[in-house]
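Data first, discussion second: the structure below is written as structure tokens.
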Amino acid sequence: MNKELSSQYDSKQIEDNIYKLWEESGYFNPDNLPARHKKPFTIIMPPPNANGSLHIGHALFVTLEDIMIRYQRMQGRKALWLPGADHAGFETQVVYNKKLEKEGRSFWDMPREQLYNEIKDFTLANKKYMEGQLKKLGASCDWSREKFTLDESIKEVVNETFEKLYNDGLVYRAEKPVNWCTKHQTTLSDLEIKYEERADKLYYIKYKLANSEEYIEVATTRPETIPADIAIAVHPKSKWAKYIGKKVVNPLTKKEIPVLSDMAVDLNFGTGALKITPFHDAVDFAVWQNHKSEIDIQPFSVINQYGKMTEEAGPEMAGMKVKEAREKSVELLRPNFVKEPEDYKHQVSVCYKCGTIIEPRIMMQWFIRMTEKPHAQNQKSKIKNQNVEKSLRDLAVDAVKSKKIKFIPARFEKIFMHWMKNLHDWNISRQIVWGIQIPAWYCQDMANETCKKNNGVIVSVKNPEKCPHCGSANLKQETDVFDTWFSSGQWPYATLMTTKPGDFEKYYPTDVMETGWDILFFWVARMIMFGLYRTGKIPFKDVYLHGLVRDKERQKMSKSKNNVINPLEVAEVYGTDAVRMALIVGNTAGNDPIISEDKIRGYRNFATKIWNASRFVLMNYRTIDAKPKLTAKDKKNLKDLETAKKKIAKYLDKYDFNHAAETAYHYFWHTFADKVIEESKPRIRPENENLADAAAAQETLIKILEESMKFLHPFMPFITEQIYQILPTTKEKSLLMVEEW
RNA sequence: GCGCGCAUAGCUCAGUUGGUUAGAGCGCUGCAUUCACAUUGCAGAGGUCUCUGGUUCGAAUCCAGAUGCGCGCACCA
């Protein structure tokens, strides 16, 4: 029967069939696993952004998680791998914006609803395509529990958390400095901006005292914002201290502005005097907040949301872009220069997507308090608050400190703590259309005192229809949507609370969160905080962080560099199993793996080796009418097998996939194929008249082959399942996937 | 500025609590081949483990410093 096996392993011919075999068995769903599978083992898949197709980085996470799931399933765990997809709000909107630009359509002129629906169609199409890709990669996840971040059930959980945070005083709406991207017309969180070094000029400007030639010297990189200066702050120990309490003249508007004393001014930088422009700088905003009583001018903006100068900037600059206005202001200010401007290199914040310089603005936005305790149990909260005594930050910090949550590799614990220490309140509102609209309504009548006290704000999981305070039906919903990470940060419990009844109780807390280190703060930290806040339990026990896949030259893969490896394309050529091995061997947790086609080719050769070794054993297989008499060497070989298998299990238990895979590879090729098989050749030939010996050799070979398929299965599921299916010892309808390890 | 890493064979990396001649893959050299597999086998060359000092009977491994490189965080105008 097996004699017609071809000498080459043809992955294309078998992979789809094998996946179908697994899928039809129903075993991806842990509920269907045989009775021996008892204790749950859960991994929630990091939902890929449904705005493109899977790249090699996705293949890495799929492989790592599938290895864990398959291994644990074989070990008798009730293994659940819950798949999903992320609408990826801002990122997807950026992608769609680009797409429209290419098509010559204007993103900004489209009605909100139309835009939303178009992006929705686009996202759902991508999602469907990605599901097919996950299957190609061999992902043994439970499709019956698949979730999408915009499922109604998920939105409800997310909104409930928001309402609870609001009632607990951890969500607030305020006018505060935020990061504004003038291209994308939205605010961004502190994590969504990056810093770039820019060569600018530092201008030294005289602010003269009223009716005097005396002046204070102020250094600034942004002379165009001078019309919005409402004060000058000096350090009390600076040489300008004698002017504290006096007034100076704004060199552009000629208005008189007060001189304040503030320790926030750095004595050792610039001139020891700082111009205070609250609406265009966060530090200045803070200074203004502390000196409100001393300043009679209300702060205002001179730059609008498009990065253009407003009327308040004065007739010479109004309407100009910031860059032009800077040149203009320099021209106007020249008489007030103390000296020629100096070249100055500094870090400026830019949008992490488009690189546009972030314009700090003061805007009414929604924020989450990260470092303060919630109010005492609020009656309004339907969800009990298990953790009233701690801030979101402390919940996470304590869980990590006490080792309830462990990082692999451990060094990320320090990085995590460092970030947590510097945590600020999180702006969660975005002025984009693609996302979950914030469940807040504004009463337009504000006909009673409670309304006024709350500024007309009503936070409610579902549309309240009427103002609960004054009964007005004249409500307007907030148009801003949540930062994507606000919803994905709730993913572990939001999914399990809404799949099947009992799932949350059974599968939460999950066992492992496996994801890239680049989203440690974006995602992992938020999941820990929200998980503890909302459920009182950690969302996962271990966090395994993988690196970013790079090419041979250590470059990050990107379309523009033309070094992208499409996992599906290479899997088509070399087989999925080869791609999976190439991603695992030589790759340790937290390090950026380097992947090249050569490496993948190497593991395709390994697949061929597995195929031919198996083929050899099967081709020579015959019924021998004798009781096998194992030699000492046979016994040693079987013992070596056990040793290798134990070693692999030990490595897998420690998340050391690299060594586990290498050990499996090495044992199979250089011990089994090169030695055991070679030595067995004369013994299994029909010429061997010692039937007991022939039977012993054959039994040893079959046994090792069968066991090898088991320990190779998590890494190379397709070829191993295929061979298992044709082994003479395999029982009808049994699957390697659920075999006992 | 604060913080986290890395430095081992030509290349990419392992090296788990310090303990004989420091490992793997790829690459390289030589030989073999009608045999399950040339997508192969066997053999081999190749390393002062960045430098300096310290701890120790003993250091690639622990400590301190230097040099080089990478990265994260950050409201110095």
Side-chain angles (χ1 to χ4, degrees), chain A residues 2-3 5-9 177 179 190-191 193-195 200 202-205 218-223 225 232-233 264-277 280-287 344 346-347 349 360 409 411-424 517-518 520-521 547-548 550-554 574-575 578 581-582 585-588 590-596 598-599 601-620 650-651 654 656 658-659 661-663 665-666 669-670 673-675 677-678 681-682 685:
Chain A
N2 303 311
K3 300 233 159 89
L5 281 182
S6 84
S7 70
Q8 301 229 337
Y9 167 60
N179 309 305
D190 293 343
L191 285 176
I193 58 173
K194 52 180 189 179
Y195 292 90
D200 274 319
L202 192 56
Y203 302 92
Y204 293 88
I205 315 283
V218 173
T220 182
T221 53
R222 302 204 64 181
T225 64
I232 295 296
V265 183
D266 187 342
L267 255 181
N268 303 313
F269 186 86
T271 61
L274 185 62
K275 72 188 200 66
I276 301 304
T277 322
H280 296 296
D281 188 286
V283 177
D284 295 5
F285 185 82
V287 171
Y344 183 60
H346 64 153
Q347 306 278 321
S349 50
R411 72 183 139 91
F412 282 102
E413 190 184 311
K414 288 183 202 163
I415 296 171
F416 177 86
M417 289 299 184
H418 184 252
W419 185 72
M420 293 306 265
K421 216 174 114 190
N422 299 316
L423 206 52
H424 298 291
W517 58 256
D518 52 324
L520 177 62
F521 309 140
L548 271 54
R550 310 208 176 233
D551 73 3
K552 264 179 167 172
E553 272 77 48
R554 283 211 153 285
Y574 301 107
M581 277 299 269
V585 179
N587 173 17
T588 46
N591 289 342
D592 294 348
I594 286 160
I595 192 102
S596 63
D598 287 347
K599 191 172 180 188
R601 199 175 294 127
Y603 291 101
R604 186 270 321 267
N605 295 355
F606 180 50
T608 309
K609 182 54 110 173
I610 295 174
W611 188 251
N612 278 296
S614 309
R615 189 165 148 252
F616 173 82
V617 174
L618 295 170
M619 275 166 71
N620 289 288
K650 209 181 99 199
Y651 282 134
K654 291 195 312 189
D656 189 345
N658 169 30
H659 284 115
E662 207 178 275
T663 305
Y665 171 91
H666 211 263
W669 198 323
H670 302 297
D674 288 348
K675 301 209 170 72
I677 290 185
E678 285 307 320
K681 280 180 178 172
R685 295 249 160 69

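As the structure is a prediction and not an experimental result, all values here were calculated from the model. Below, each value reflects all heavy atoms present in this structure, side chains not excepted, and no hydrogens, waters or symmetry copies. All chains are named by letter (A, B, ...) in the order of the sequence lines, taking the proteins before the strands, and each is independently numbered beginning at 1.
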Exercise for the section: Have a look at A:Tyr344 and say if it touches a base, only the backbone sugar-phosphate, or nothing, with a 4.0 Å heavy-atom cut-off. Expected result: sugar-phosphate

Handout entry: B:G44 versus B:A22 - spacing of their P atoms, nearest Å
Key = 16 Å

Problem - A:Asn591 side chain vs A:Asn587 backbone, donor-acceptor pair below 3.5 Å - result: no

Handout entry: Among B:C37, B:U16, B:G25, the one nearest A:Arg615 by side-chain distance
Key = B:C37

Exercise for the section: Hunt down the Watson-Crick or G-U wobble partner of B:G68, both distances under 3.5 Å, from any strand shown, or write none. Expected result: B:C6

Practice task
For A:Lys421, report the nucleic acid contact type (base, sugar-phosphate, nothing); a contact means any heavy atom under 4.0 Å.
Solution key: nothing

Practice task
Give one of base, sugar-phosphate or nothing for A:Val218, where a contact means two heavy atoms less than 4.0 Å apart.
Solution key: nothing

Problem - Separation of the C1' atoms in B:A24 and B:C49, to the nearest angstrom - result: 16 Å

Exercise for the section: Would you mind classifying the nucleic acid contact of A:Gly602 as base, sugar-phosphate or nothing, using non-hydrogen atoms under 4.0 angstrom? Expected result: nothing

Exercise for the section: For A:Ile677, report the nucleic acid contact type (base, sugar-phosphate, nothing); a contact means any heavy atom under 4.0 Å. Expected result: base

Exercise for the section: Looking at every strand, decide which applies to A:Ala673 at a 4.0 Å heavy-atom threshold: base, sugar-phosphate, or nothing. Expected result: base

Practice task
Give A:Lys609 one of three labels, base, sugar-phosphate or nothing, depending on what nucleic acid heavy atoms sit under 4.0 Å from its own.
Solution key: base

Practice task
Using a 4.0 Å heavy-atom cut-off across all strands, classify A:Lys681 as base, sugar-phosphate, or nothing.
Solution key: base

Exercise for the section: Using a heavy-atom cut-off of under 4.0 Å over every strand shown, decide if A:Asp284 touches base, sugar-phosphate, or nothing. Expected result: nothing

Exercise for the section: Give one of base, sugar-phosphate or nothing for A:Asp281, where a contact means two heavy atoms less than 4.0 Å apart. Expected result: nothing

Exercise for the section: Looking at every strand, decide which applies to A:Phe521 at a 4.0 Å heavy-atom threshold: base, sugar-phosphate, or nothing. Expected result: sugar-phosphate

Practice task
Would you mind classifying the nucleic acid contact of A:Leu274 as base, sugar-phosphate or nothing, using non-hydrogen atoms under 4.0 angstrom?
Solution key: base

Exercise for the section: If B:A77 has a Watson-Crick or G-U wobble mate with both distances under 3.5 Å, name it; if not, just say none. Expected result: none

Handout entry: Axial cation check for A:Tyr665 ring with A:Lys609, 6.0 Å and 45° limits
Key = no

Problem - Nearest-0.5 Å distance, OG1 of residue A:Thr221 to CG of residue A:Asp200 - result: 6.5 Å

Exercise for the section: Scan A:Asp266 against the nucleic acid and name what it touches under 4.0 Å (heavy atoms): base, sugar-phosphate only, or nothing. Expected result: base

Practice task
Looking at every strand, decide which applies to A:Ser596 at a 4.0 Å heavy-atom threshold: base, sugar-phosphate, or nothing.
Solution key: nothing

